[in-house]
Amino acid sequence: MRVLSNAARSVCRRDWSRRHFWGWLNAVFNKVDYERIEAVGPDRAAAEWLLRCGAKVRFQGFDRWQHDYNGLPTGPLGRYKIQGIDATESCIMYKGFDHLDGLKYLEEMKFNKCIYIEDVCLEKLGSLENLQESLSTLDIVSCGNVTDKGLIALHKLRNLQRLLLSDLPGVKDKEKTVERLQTALPRLDLVLE
């Protein structure tokens, strides 16, 4: 019996250690390098951050989603502008959201199964003036740390035309949240699944 107990404790410690390591590594990937943003511009720096974290980006004028870090296009500073972000199953987290600050052409974002997306991320998204003007489509699906508070913070995204919300167990008062968003954003097509 003691052997089983010791073995179980050893496995639990190893799992915690492994989880801690991946959490630490994800935090490192999300660290903002302000010197890099200055050197290569906000779109290139944001693309590097997103791809490092497992997301995809689509540049203005391109149909194809870019997912390979080493395949990022090169060229003159400011030539490629991010138009879409697909963060499905990526490790992006609040710590890296300062990368979004200079994106002026971002129209579409998808957060699908993003375990680190939480209310503070959505609050940051809503507070960025450039995104208040440009972001028109947002999907938030299966992000378990998102609550009503985070969704309500999206009311500042004046240009938001389509919002897809699905499988959000942290959202407790869906009707009230939807009503508040619809009141603040009358043009919003809100799809709640």
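Along the sequence shown, residues carry numbers from 1. Side chains included, hydrogens not; waters and symmetry mates left out as well; all remaining heavy atoms used.
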Rounded to the nearest 0.5 Å, what's the gap from CD1 on Ile140 to NZ on Lys110? Could you check? 13.5 Å
Where the side chain of Asn130 meets the backbone of Asp101, is there a donor-acceptor pair that is under 3.5 Å apart? yes
Might you confirm whether atom CD of Gln60 has over 12 heavy atoms from other residues, nucleotides or ligands at distances under 6.0 Å? yes
Minimum side-chain heavy-atom gap Asp98-Trp49 below 4.5 Å: no
Please check this pair: side chain of Gln132 against backbone of Gly126, looking for a donor-acceptor N/O pair closer than 3.5 Å. yes
To the closest 0.5 Å, what do you measure between CG (Leu163) and CG (Leu185)? 9.0 Å
Please indicate whether Arg58 has more than 12 foreign heavy atoms, meaning atoms of other residues, nucleotides or ligands, lying under 6.0 Å from its CZ. yes
In Å, rounded to the nearest 0.5 Å, how long is the span from CG of Leu135 to CD1 of Ile85? 8.5 Å
Nearest heavy-atom approach of Asp43 to Gly102 is OD2-O, 4.5 Å
Answer yes or no: is there a donor N or O on one side and an acceptor on the other, between the side chain of Arg44 and the main chain of Pro73, under 3.5 Å? yes
Output, in order, the C-alpha distance, side-chain angles, deciding distance and verdict of side-chain contact (heavy atoms from CB on, under 4.5 Å) for Thr137 and Leu160. CA-CA 6 Å; Thr137 304; Leu160 196 60; 5.8 Å; no
Could you tell me the separation between the CD atom of Glu107 and the CZ atom of Arg162, rounded to the nearest 0.5 Å? 14.0 Å
Any donor and acceptor pair, going by atom type alone, linking the side chain of Asp86 with main-chain N or O of Ala55 inside 3.5 Å? no
Can you find a heavy atom in the side chain of Leu51 that is under 4.5 Å from one in the side chain of His67? no
With a 3.5 Å distance limit and no angle check, can you tell me whether Lys172 reaches the backbone of Pro169 through a side-chain donor-acceptor pair? yes
Provide the closest heavy-atom pair for Cys114 versus Ala87 in the form atom of the first, atom of the second, distance. SG-O, 2.9 Å
Checking side-chain contact (heavy atoms from CB on, under 4.5 Å) against Leu165, which of Leu138, Val141, Leu190, Val191 comes through? Leu190
Taking only Lys NZ, Arg NE, NH1 and NH2, and the carboxylate oxygens of Asp or Glu, determine whether Glu38 and Arg36 approach each other closer than 4.0 Å. no
Is the number of heavy atoms from other residues, nucleotides or ligands within 6.0 Å of NZ (Lys81) greater than 12? yes
Quick check on the hydrophobic clustering: are Met93 and Leu131 connected, directly or via other members, by side-chain heavy-atom contacts under 4.5 Å? no
Non-hydrogen atoms of Gly61 and Gln83 that approach each other most closely: N-OE1, 4.0 Å
Using 0.5 Å steps for rounding, measure from the SG atom of Cys121 to the NZ atom of Lys95. 13.0 Å
Say whether Asn30 and Tyr116, considering side chains only, have a donor N or O and an acceptor N or O under 3.5 Å apart. no
Without hydrogens or angle criteria, can the side chains of Asp119 and Thr147 be said to hold a donor-acceptor pair below 3.5 Å? yes
Stepwise side-chain contact (heavy atoms from CB on, under 4.5 Å) test for Phe59 and Ile82: CA-CA 4 Å; Phe59 293 103; Ile82 295 177; 3.9 Å; yes
Looking at Tyr69, I'd like to know if its OH atom is crowded, meaning that more than 12 non-hydrogen atoms belonging to other residues, nucleotides or ligands lie closer than 6.0 Å. yes
Could you check whether any side-chain heavy atom of Leu122 comes within less than 4.5 Å of a side-chain heavy atom of Leu151, counting everything from C-beta outward? yes
Using side-chain contact (heavy atoms from CB on, under 4.5 Å), reason through Glu118 and Val146 one step at a time and then give a plain yes or no. CA-CA 5 Å; Glu118 52 193 341; Val146 171; 5.8 Å; no
Please evaluate residues Lys174 and Asp148 with respect to the criterion salt bridge (charged side-chain N to carboxylate O under 4.0 Å, His left out), reporting the C-alpha separation (whole Å), side-chain torsions for both, the decisive distance (0.1 Å), and the verdict. CA-CA 7 Å; Lys174 291 178 182 157; Asp148 304 80; over 6 Å; no
Determine, using the 4.5 Å side-chain heavy-atom cutoff (strictly less than), whether Leu72 and Tyr105 are members of one ILVMFWY cluster. no
Asp68 backbone acceptor or donor facing Gln66 side chain under 3.5 Å: yes
Please give me the minimum heavy-atom distance between Ser142 and Asp167, naming the atom from each residue. OG-OD2, 2.7 Å
Once you measure the plane-to-plane angle for Phe97 and Tyr94, does it fall in the parallel (<30°), tilted (30-60°) or perpendicular (>60°) bin? parallel
Single-linkage hydrophobic cluster, 4.5 Å side-chain cutoff, Leu128 and Phe111 together: yes
Asn159 and Ser136: side-chain hydrogen bond (donor to acceptor under 3.5 Å, both in side chains), yes or no, with the steps? CA-CA 5 Å; Asn159 196 44; Ser136 62; 4.9 Å; no
For Leu106, is there any backbone N or O sitting under 3.5 Å from a side-chain donor or acceptor partner on Ser134? yes
Start with the C-alpha gap between Val32 and His99, add the side-chain angles, then the distance that decides, and say whether side-chain contact (heavy atoms from CB on, under 4.5 Å) holds. CA-CA 7 Å; Val32 179; His99 284 102; 3.6 Å; yes
Mind checking whether Leu100 and Ile37 sit in one hydrophobic cluster, side chains of I, L, V, M, F, W, Y counted as touching below 4.5 Å? no
With a 4.0 Å cut-off on N to O distance, would you call Glu133 and Lys104 a salt bridge? no
Under a single-linkage definition using a 4.5 Å side-chain heavy-atom cutoff for Ile, Leu, Val, Met, Phe, Trp and Tyr, are Tyr80 and Leu50 assigned to the same hydrophobic cluster? yes
Can you tell me how far apart CG (Leu125) and CD1 (Ile117) are? Round to the nearest 0.5 Å. 8.5 Å
